[in-house]
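Beneath this line is the structure, given in structure tokens, with notes to follow.
Nothing fancy with the numbering, it's 1 onward along the sequence. Counting starts at 1 for both ligands and their atoms, following the listed order.
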Amino acid sequence: MGRLTGKVAVVTGGSRGIGAAIARRYGAEGARVAVVYKAAAEAADQVVTDIEAAGSEAAAIRCDVAQTSECNAMADAVAAAFGGADVLVNNAGIYLLTTLGETSEDEWDSQMNTNVKGAYFTAQALLPQMMARGGGKIINIGSILGETGLPASAIYSATKGAIKLMTKSLALDLRPHNIQVNTLSPGIVESDMNTEYRAEFGRRDAALLGRFGGDDPWMVPDDLAGTAVFLASSDSDMVTGANILVDKGYSAY
Ligand code: NDP
């Protein structure tokens, strides 16, 4: 029996990176998993195959979380496939390197609409299902950049600061419904998202800050999975409105 046996979990951005690692771990812990993706259909199918091979059930569901109508359609698909959701991981996100002098309005809108608006309306779409099931868990993926700055990251930082405080207010709103809402904030994790950052700035910043020596590797997506299981399980029933940093000590400097 896994720690999430009997639960249905929806992981947005479940096709790649951190979301794929969380989706696989949830499956291994017995959850049935909706692997939500925007474009990477093959990668999402592979995550589904891996979860099924490990003995649980999964389904890939396409949804651009920046489009509220698609969030609602995704929730309907989750209900059709699994009967409803107990856990939502709002993980879908984008990170564009931007500088004030050169940023376009599109770059602002796409990051805000995916990282903040998407998380809010995905939660709204799944809320009736959680209420009908007597409670639930919403895990919003924040970032170390919700705590501190990085070069060329002002918009992304703003989205992750917003997620952290949105989480706190939602935690209060949803407490009467037995739905716990928390932020899980990773440090820098090796993924497709930050290839450009790591190549252009990462090592230089790391060296400047003395945070990572030459042999000290970045975290990998699976490093987040254990905490994501905790936040989805009954072990965290008394934890709500919290921001849990899993950052290898980055913020401790
Ligand atoms: P990746 O770029 O590896 O994966 C991003 C995922 O989000 C993909 O599955 C992608 O789906 C999905 N996605 C992007 N836009 C949308 C959208 N509009 N609708 C639905 N899905 C979408 O990112 P990471 O795994 O690195 O990041 C995951 C989360 O963790 C993000 O919220 C990110 O901000 C956060 N984070 C990451 C850190 C890092 O260092 N990597 C550090 C701190 C936080 P598809 O491929 O199908 O398009």
If you apply the rule side chain to side chain donor-acceptor pair (under 3.5 Å), what do you find for Asn178 with Gln180, and how did you get there?
CA-CA 6 Å; Asn178 188 30; Gln180 288 80 47; 3.2 Å; yes

Give every donor-acceptor pair under 3.5 Å between a side-chain atom in residues 76-95 and any protein atom, sequence neighbours left out.
from, atom 1, to, atom 2, distance (Å)
Asp86, OD1, Arg133, NE, 2.9
Asp86, OD2, Val8, N, 2.8
Asp86, OD2, Arg133, NH2, 3.0
Asn90, ND2, Ala119, O, 3.0
Asn90, ND2, Asn140, OD1, 2.9
Asn91, ND2, Thr12, O, 3.0
Asn91, ND2, Gly13, O, 3.1
Tyr95, OH, Ser153, OG, 2.7

Hey, are Lys164 and Glu147 close enough for a salt bridge, meaning a charged N less than 4.0 Å from a carboxylate O? yes

In residues 39-48, what donor-acceptor pairs under 3.5 Å come from side-chain atoms, sequence neighbours left out?
from, atom 1, to, atom 2, distance (Å)
Gln46, NE2, Asp50, OD1, 2.9

For residues 219-238, the salt bridge (charged side-chain N to carboxylate O under 4.0 Å, His left out) pairs (sequence neighbours left out) are Arg3-Asp235, Arg25-Asp222, Lys137-Asp237

Protein neighbours of ligand 1 with a heavy atom under 4.0 Å, given by chain and number, are Gly13, Ser15, Arg16, Gly17, Ile18, Tyr37, Lys38, Ala39, Ala40, Cys63, Asp64, Val65, Asn91, Ala92, Gly93, Ile94, Thr114, Ile141, Gly142, Ser143, Tyr156, Lys160, Pro186, Gly187, Ile188, Val189, Ser191, Asp192, Met193, Asn194

OG1 of Thr68 to NZ of Lys117, rounded to nearest 0.5 Å, is 4.5 Å

